[in-house]
Amino acid sequence: KNVVSKNFKGGDITVFMGGSEINLSQADIQGTASLDITQVMGGTKLIVPPHWEIRSQLTSVFGNVEDKRQETATTNPDKVLILDGSSVFGGIEIRNY
């Protein structure tokens, strides 16, 4: 799913025995946005701009959250993406291109 909103507020991602790819590279946030992620035996790939700050409040069981963004820019404290929810037997990969 490609998101191009210039005033992204957040959303929900639910994955069960599958995968999802959310491209936020063309989106913009004003302040704080929140993604509620629930996944069981699946994975999520998030593509975000390099200057967004990512805060993970995710509960993970046999999984992980990996921020694999290339450090080309410093993060902007005015643009915060909060990851909330739970992941069981799954992983979340954060990238930028």
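What you see is a predicted model; the values in this text were computed from it and never measured.
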Inter-residue atom distance Arg55.CZ - Gln57.CD, 0.5 Å rounding = 8.5 Å
For Asp78, all residues meeting side chain to side chain contact (heavy atoms under 4.5 Å, CB included), sequence neighbours excluded | Asn76
Pairs where residues 25-39 contributes a residue and the test salt bridge (charged side-chain N to carboxylate O under 4.0 Å, His left out) is met, not counting sequence neighbours = Asp28-Lys79
Who pairs with Phe89 by ring-ring contact (aromatic ring centres under 6.0 Å, His included), at least two apart in sequence or on another chain?
-> Phe62
Residues in side chain to side chain donor-acceptor pair (under 3.5 Å) contact with Ser20, at least two apart in sequence or another chain | Thr44
Taking side chain to side chain contact (heavy atoms under 4.5 Å, CB included) as the test, write out the residues that go with Lys45, two or more places apart.
-> Glu21, Glu93, Arg95, Tyr97
Residues clustered with Leu35, ILVMFWY side-chain links under 4.5 angstrom = Val3, Phe8, Ile13, Val15, Ile22, Leu24, Ile29, Ile37, Leu46, Val48, Trp52, Ile54, Leu58, Val65, Leu81, Leu83, Ile92, Ile94
For Gly10 and Ala33, work out which heavy atoms get closest and say how close.
-> N-CB, 4.2 Å
Not counting sequence neighbours, list each pair that qualifies as a salt bridge (charged side-chain N to carboxylate O under 4.0 Å, His left out) and has a residue in residues 4-15.
-> none
Can you list the residues that meet the side chain to side chain donor-acceptor pair (under 3.5 Å) rule with Ser87, with sequence neighbours excluded?
-> Gln39
Fellow cluster residues of Ile82, listed by chain then number, with links counted only when side-chain atoms sit under 4.5 Å apart | Val80
With sequence neighbours excluded, residues passing side chain to side chain contact (heavy atoms under 4.5 Å, CB included) with Asn64 | Glu66
Test side chain to side chain donor-acceptor pair (under 3.5 Å) applied to Asn23 - qualifying residues, sequence neighbours left out = Asn2, Ser25
Output all residues satisfying side chain to side chain contact (heavy atoms under 4.5 Å, CB included) with Val4, sequence neighbours left out; order by chain, then residue number.
-> Gln26
